[in-house]
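Reviewing the structure listed below.
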2 protein chains.
Amino acid sequence: MRNPQRPVTLDHVDRRLLRALAGDAGVTNKALAGRLGLAESTCAYRIRALREAGVVTGARAQLDLALLGYPLQAMIKVRLGSHTMANVSQLYDALAATPGVLQAFHVAGADDFYLHVAVENAEALRDFVLRHVTSHRVVRQTETHLVFEVRPGAGVLGD
Amino acid sequence: MRNPQRPVTLDHVDRRLLRALAGDAGVTNKALAGRLGLAESTCAYRIRALREAGVVTGARAQLDLALLGYPLQAMIKVRLGSHTMANVSQLYDALAATPGVLQAFHVAGADDFYLHVAVENAEALRDFVLRHVTSHRVVRQTETHLVFEVRPGAGVLGD
DNA sequence: TGTGAAATATAACGCTA
DNA sequence: TAGCGTTATATTTCACA
């Protein structure tokens, strides 16, 4: 690991490696090396270096949420009535830890949090909001928007 | 692969496997089997079955965006002036493919898209909005909110 | 960059409950 | 049907030249 504040300098090969790994972390070193025209040993070395530098922080499996029985997604905007540090961070912890929450964004503006959630159906969504969001005293208002679709973006390195 | 519409039935072991893989896709089969108390052959078999069932769709490396030089994140709400199918899907394609976009949400409500983006600094954020969002004719209005922090949620399986 | 040894993954098999 | 243990083969990883 390195100083997490100072940006790392990457060359073109690093960028291509990161792009490839961001798209498919399961790719084998052999395949990657072949695709980029590197020796396998070199490719493995650079990937390890990127990991040790902290640029690659881990890998997560992507799940088909609909197949798992959670075909409905929503974005829930949460607005607080009180913004003491303790209130905000405690609620943030609680919301992020609630099953069904895919991501919790703490944002600036009129709303405080955006919760991206996946649920079984409309009824489960209503229950989620009532039981796990508005049930917190500090929550003053919520606004729930159905998510038609989520797409992975090009990312900071482009595609 | 299976019929992508019909939910799969998972037992408790499958759930634990998916939770583990969602948190760290890089874990070795040996370690996973040991942790869950399975034979390595059984563990490998079940993981492959989950993959073939389409439950696990892939794996993505997580990058430290600040270390890469993109320490600033924002959520940009995008509202269109015309909602023909062609307009919407074409803009969606263009926005998702724009470098800097981490995720693009197509949502119901007054706003049409939420763009989660990462940029170098405030100036880059302004340029992003002007050059890649409001430059599209069909975009009527945008609203940009700084993202203080993003947390991975517990996910549909809990943590 | 290349090499080689150790660790690991993969896939197939038969056996069992 | 699912789990287990065992094979053999392929692949990855890592230290070193």
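We name chains A, B, ... by the order of the sequence lines, and we start the count at 1 in each one. This one's a predicted model, so the numbers in the text were calculated from it and none came from an experiment.
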Test side-chain contact (heavy atoms from CB on, under 4.5 Å) applied to Val117(A) and Val147(A), Ile76(A), Leu72(A), Val133(A), the passing residue: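 Checked Val147(A), Ile76(A), Leu72(A), Val133(A) against Val117(A); only one passes side-chain contact (heavy atoms from CB on, under 4.5 Å): Ile76(A).
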Under 3.5 Å: donor-acceptor pair, side chain of Thr98(B), backbone of Val101(B):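 Here the side-chain-to-backbone pair does not exist.
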Separation of atom CZ in Arg46(A) from atom P in dC14(D), rounded to whole Å: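 To the nearest whole Å, that distance equals 17 Å.
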Nearest-angstrom distance from the residue atom CG of Leu10(B) to C1' of dA2(D):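 Between C1' of dA2(D) and CG of Leu10(B): 15 Å.
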Toward the 5' end of DNA chain D, by each residue's nearest nucleotide, Ser41(A) or Ser41(B):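 That would be Ser41(B).
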Salt-bridge contact Asp11(B)-Arg16(B) (side-chain N to carboxylate O under 4.0 Å):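 Answer for the salt bridge query: no.
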Short side-chain donor-acceptor distance under 3.5 Å, Asp64(A) and Thr57(B):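 There is no such pair (donor and acceptor under 3.5 Å, judged by atom type) between the side chains of Thr57(B) and Asp64(A).
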Residue pair His106(A) / Asp112(A), side-chain donor-acceptor N/O under 3.5 Å: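 No donor-acceptor contact under 3.5 Å links the two side chains.
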Range on DNA chain C touched by chain B, heavy atoms, distance below 4.0 Å: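 Listing 5' to 3', DNA chain C meets chain B from dT8(C) to dA11(C).
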Touch class at under 4.0 angstrom, heavy-atom based, for Ala44(A) against every strand present: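 No contact at all - Ala44(A) keeps every heavy atom at 4.0 Å or more from the nucleic acid.
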Validation row, ring centre His116(B) to ring centre Phe105(A) under 6.0 Å: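 They qualify: ring centres under 6.0 Å apart.
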Strand-adjacent residues in residues 22-32 of chain B, judged by heavy atoms under 4.0 Å from DNA chain C: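 Under 4.0 Å from DNA chain C: Thr28(B), Asn29(B), Lys30(B).
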Beyond-backbone contact of Lys77(B) with Phe113(B), side-chain heavy atoms, under 4.5 angstrom: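 No; the side chains remain at least 4.5 Å from each other.
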